[in-house]
There are 2 protein chains.
Amino acid sequence: MSVTIKDVAKKAGVSPSTVSRVIAEHPRISVATSKRVKAVMDQLGYHPNLMAKSLVSRTTRTIAVILPKPAEELLLNFFFYELIRGVLAQLTRAGYDLLMAGGSNEQEELDTVVRLVRGGRIDGLLLLYSRSSDPIIHFLRKENVPFALIGRSLDYEDVPSVDNDNVQAAYDATNHLIAQGQKRIGFVSGPAKLAMTQDRMTGYTKALAEAKLPFKEGWVVEGEFLLESGYRAMASIMSQPEPPTALVVIDDVVAFGVLKGLAELGYRIPQDVAIVSFNNIALSELTMPPITSIDVGTYQLGYTASQMVLRMIQQVEITARQIIPHRLVVRESSLRTVTYN
Amino acid sequence: MSVTIKDVAKKAGVSPSTVSRVIAEHPRISVATSKRVKAVMDQLGYHPNLMAKSLVSRTTRTIAVILPKPAEELLLNFFFYELIRGVLAQLTRAGYDLLMAGGSNEQEELDTVVRLVRGGRIDGLLLLYSRSSDPIIHFLRKENVPFALIGRSLDYEDVPSVDNDNVQAAYDATNHLIAQGQKRIGFVSGPAKLAMTQDRMTGYTKALAEAKLPFKEGWVVEGEFLLESGYRAMASIMSQPEPPTALVVIDDVVAFGVLKGLAELGYRIPQDVAIVSFNNIALSELTMPPITSIDVGTYQLGYTASQMVLRMIQQVEITARQIIPHRLVVRESSLRTVTYN
DNA sequence: GTTAACAAGTAAATCGTTTGCACAGATTAT
DNA sequence: ATAATCTGTGCAAACGATTTACTTGTTAAC
């Protein structure tokens, strides 16, 4: 069917091993032979069978990204894509391929990971978020598979991971609102299980405490990383007797929902309610008003995490935990006084 | 190292072939043996080596998506992600994995495809756009590899593909503006090589011609699927002696740039310039004003195209060319009279 | 009671590579 | 001149599955 190493060998009048050595640029092969074999190779359009190669080398030059449980939902958040962009840039550079796989629930997700790892289909993987007591992380450590986590593990200190200082980031975001004179600041949050959510919550409360500003249960709403989540949160938060006049929002897409919700309720932004959000996706500057957002270096996150996995595969020593710096990008949504031209 | 079929065989007191047959649910295996072997299998945590399996079966349960040349750029367009969402939904459903690979120029792209196909790494692939005289399509047809194109081939009639009726879509978009009383309608276009761009251009001119409205070279600008592209187009289009009062824009992200450009030049939308765009990505309704857009069923496009590839792999007869219906979603950006509440 | 049919399982070849070991001839060291 | 080392290559055994063709023990048929 397809042209194999044997065909090349026969045509070049050498043994298959020699052809293999030519491909691998083995030093013991003479220049003459190498040239001749190579000529035959492209004359025949030979390409090594990657499966056979992988089988014997136990290597696939493939990294997997596991799509968390509600892949459908995850994929609605643009943060993810910016991340993947970074991942792809790194992997392509290194000549690795990216495999995307998922499951429709936590069990299936684990099954997928086990299948890929035990089945020898991948050389390493990238985990996007970490839940508390994550069975996948547990499995990967046990099996000693190269992997890196984007985020922070709540269970183990020494999991290779790339993260932001989310406590500090939320602290900065909240303080930015405080600096604008805001006194009643709420928090539109994400899934409580995630380390990221917990850290940002910590930063938020810390800033409030330091400024001696009130923290109210009713000003905090937990949700998903979805537009509707932010939209719905407004109904509940703004129906409080004394609603907040400023909001820290866990994610830009959620903030889009917040914008929509507030607009429908008749609030003006930022005059009535000021907003600071996270991730600074490309479209945050296009909404009306543009959203102030903490840039977490999403692309860098993906790029660095992939690099980490690649290094682990090459047995290069790595720093277990890398922090990508964040940066507050101020736009109109958070400013006390705004001038429209 | 890893537990193999032989280990299972030994422990279960049968031959490797029997274990293999148990896995494949071969009818010639007795229930008793099957049970016993299966018990041993999960006692040992056995998982078949996918490479070995692929080697002999010449099958990988993997579909590749080739990222076009400027992957970095492509990934900035959200249209792509919605597409991938559809692809993943279909593939996950069918138990296939998705491999994303790319190259940094057309040659590398082709090389990647050749490597993956000849190397037996994938069972089929999905092409995102088609250029004229695309060497990749040429190669895939020659090699008889299952693949589907999202879009339309300019070279071959019978390439399996999923597409919109882009001529009609652009015709509808333009007519919508005409119905609003617009007389001077421009077109912010995409790369001229792409079938999609050409088709939309055709629909646009057709609508103008039928309505006996003027077509002016200066009102048409070619660009990329990038925000900046739309932004820059405004400088050139609006500096015409008689600038258009309405624009058909090739893509939502480009339209975002158009919005930004027009705002900076002091035009109000839709009062001074009305806009209709394509793809209807999630954020089109969040801009100010929300953008009227042709929903092309992006998710469906990805979902259907993947299905087509899977069918080809399973040797099921397919319709070579499927058309996904489009739908005009009217929002404020295109309306003659607007009321803000 | 012999043979044919069948059920359940095994042995061995195969898929396309890589790689340790062997070996012949050339080169260098002593 | 002989031993020791180097060079360049081939043989054959992996890697971990699947699958064809063969064995064996039972049951049914005549």
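Owing to the predicted nature of the structure, the values given are computational and were not obtained by experimental measurement. Proteins come first, then strands; the chains are lettered A, B, ... in the order of their sequence lines, and each starts at number 1.
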Could you state the [atom1]-[atom2] distance from [X] to [N], rounded to the nearest angstrom?
X: B/Met51; N: D/dA17; atom1: CE; atom2: P; answer: 12 Å
X: A/Glu25; N: C/dT18; atom1: CD; atom2: P; answer: 13 Å
X: A/Leu55; N: C/dG16; atom1: CG; atom2: P; answer: 12 Å
X: B/Arg121; N: C/dT17; atom1: CZ; atom2: P; answer: 14 Å
X: B/Leu50; N: C/dC15; atom1: CG; atom2: C1'; answer: 16 Å
X: B/Arg61; N: D/dT18; atom1: CZ; atom2: P; answer: 13 Å
X: B/Arg58; N: C/dG16; atom1: CZ; atom2: C1'; answer: 8 Å
X: B/Lys53; N: C/dG16; atom1: NZ; atom2: P; answer: 19 Å

A/Arg141 vs A/Ile137, side chain to side chain contact (heavy atoms under 4.5 Å, CB included): CA-CA, chis, key distance, verdict:
CA-CA 6 Å; A/Arg141 301 183 111 226; A/Ile137 292 190; 4.0 Å; yes

Base, sugar-phosphate alone, or nothing: which one does B/Ser20 contact when heavy atoms must sit under 4.0 Å apart?
base

Decide whether [X] and [Y] meet the rule of one side-chain donor and one side-chain acceptor closer than 3.5 Å.
X: A/Arg93; Y: A/Gln90; value: yes
X: B/Gln107; Y: B/Asp111; value: yes
X: A/Arg121; Y: B/Thr60; value: no

Contact list (N/O, under 3.5 angstrom) for nucleotides 7-14 of chain D vs protein:
unit_1: D/dT9; atom_1: OP1; unit_2: A/Thr33; atom_2: OG1; d: 2.4
unit_1: D/dT9; atom_1: OP2; unit_2: A/Ser30; atom_2: N; d: 3.1
unit_1: D/dT9; atom_1: OP2; unit_2: A/Ser30; atom_2: OG; d: 3.3
unit_1: D/dT9; atom_1: OP2; unit_2: A/Thr33; atom_2: OG1; d: 3.0
unit_1: D/dG10; atom_1: OP2; unit_2: A/Ser15; atom_2: N; d: 2.9
unit_1: D/dG10; atom_1: OP2; unit_2: A/Ser15; atom_2: OG; d: 3.0
unit_1: D/dG10; atom_1: OP2; unit_2: A/Thr18; atom_2: OG1; d: 2.4
unit_1: D/dG10; atom_1: O6; unit_2: A/Arg21; atom_2: NH1; d: 3.2
unit_1: D/dG10; atom_1: O6; unit_2: A/Arg21; atom_2: NH2; d: 3.0
unit_1: D/dC11; atom_1: N4; unit_2: A/Ser17; atom_2: OG; d: 3.0

What do you reckon, is NE2 of B/His138 surrounded by more than 12 foreign heavy atoms closer than 6.0 Å?
no

Run the salt-bridge test on B/Glu25 and B/Lys38 with the 4.0 Å N-O cut-off and return the result as yes or no.
yes

Contact summary for A/Thr59 and A/Ser54, nearest pair of heavy atoms
O-OG, 2.9 Å

Nearest heavy-atom contact between B/Gly120 and A/Met51 is O-CE, 3.4 Å

Bend angle of the helix from C/dG1-D/dC30 to C/dT30-D/dA1, end axes from five pairs each (to 10°):
50°

Going by side-chain hydrogen bond (donor to acceptor under 3.5 Å, both in side chains), name the pairs with one or both residues in residues 4-17 of chain B, residues two or more places apart or in two chains.
B/Ser15-B/Ser17, B/Ser15-B/Thr18

